[in-house]
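Per chain, numbering begins at 1; letters A, B, ... match sequence-line order.
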Amino acid sequence: PSICSSLLNVYAKCGSFEEAEELFNTFTERNVVSLTAMLSAYVEHGQGKKALQLYNVIQDEHVMLDVVILLCVLQACSETGSLQTSEKLHFELVSAGHDCLRSAAATLIHAYGGCASMANAQAIFDVIFEPNLVLWNACLAGHAGEGNIFASLQTFEMLRLTGFEPDEVTFSAVLAICSYVGDVLLGLQSFTSMTYDNSIYPDRRHYGSIVDLLGRAGNFNRVENMLPRISVQAD
RNA sequence: AGUAUCG
């Protein structure tokens, strides 16, 4: 049984979701772990809709759902923008207790972000005692996804004032919002600040936003100057 | 044995 789940996980990570699905259908008994592995496979391959379909099916079966599987369903909600399911899972996690809500808070915020409901996301953030950087990043990314430059930068400033060092995920969201609104100056400032002040090595996401930003501004000379530096980076 | 934050 545990070997089956592991094998399913390998199919999910290395193969396609169809292969994982095929293997999953041969299982005679479904438990929480194998179900989670299957849901995770759907989510990672951008099949959030199929994940939610499977979730609806297992609700009629009598499977004990834990926090981990609910997190996977929430990721599916984020992909598909299913607000009503997000709210339902939110309620279940609140009922499960403080520590459950705390460990699921980042995924919940991310889900509400995907549903374009940052009011709900903010409500979660506000009830968490001493939120960590991951939670700040989730909020920042949510605002960035809505194209809300003001809320994004406000969150970024608050995060720093609280005493956190922005990490590569933080700057990834900042550069994304700069690219979204076309703020070339702030984008380049953030990029240099990231590498110089915070000693963060830019990855493909960061370069992607910067190239997009400069490209839209028609500044192809700067893009060309960056290309040699980008190619040296490994993923 | 299965999950966090980067549209």
Could you tell me the separation between the [atom1] atom of [X] and the [atom2] atom of [N], rounded to a whole number of Å?
| X | N | atom1 | atom2 | value |
| --- | --- | --- | --- | --- |
| A:Leu23 | B:rG2 | CG | C1' | 14 Å |
| A:Asn31 | B:rU3 | CG | P | 14 Å |
| A:Tyr180 | B:rG7 | OH | C1' | 9 Å |
| A:Met38 | B:rA1 | CE | P | 21 Å |
| A:Phe191 | B:rC6 | CZ | P | 20 Å |
| A:Arg204 | B:rC6 | CZ | P | 19 Å |
| A:Ile128 | B:rA4 | CD1 | C1' | 13 Å |
| A:Leu101 | B:rU3 | CG | P | 21 Å |

Can the ring centres of A:Tyr207 and A:Phe191 be said to be less than 6.0 Å apart? yes

Taking the ring centre of each residue, are A:Tyr112 and A:His90 less than 6.0 Å apart? yes

Starting the side chain at C-beta, find the nucleotide from [options] nearest to [X].
| X | options | value |
| --- | --- | --- |
| A:Val32 | B:rC6, B:rU5, B:rG2 | B:rG2 |
| A:Val134 | B:rA4, B:rU3, B:rC6 | B:rA4 |
| A:His110 | B:rU3, B:rC6, B:rA4 | B:rC6 |
| A:Ala37 | B:rG7, B:rG2, B:rU3 | B:rG2 |
| A:Ser172 | B:rC6, B:rG2, B:rU5 | B:rC6 |

Basic-acidic side-chain contact under 4.0 Å: A:Glu79, A:Lys49: no

Please test A:Phe125 against A:Trp136 for ring pair (Phe, Tyr, Trp, His ring centres under 6.0 Å), starting from the C-alpha separation and ending with a verdict. CA-CA 8 Å; A:Phe125 186 84; A:Trp136 281 103; 4.8 Å; yes

Mind checking A:Glu168 for me? I need base, sugar-phosphate or nothing, with any heavy atom below 4.0 Å counting as a touch. nothing

Over all strands shown, is A:Ala144 touching base, sugar-phosphate only, or nothing at heavy-atom distances under 4.0 angstrom? nothing

What about A:Asp66: does its side chain form a donor-acceptor pair under 3.5 Å with the base of B:rG2? yes

In terms of heavy-atom contacts, does CD of A:Glu130 have more than 12 from other residues, nucleotides or ligands at under 6.0 Å? no

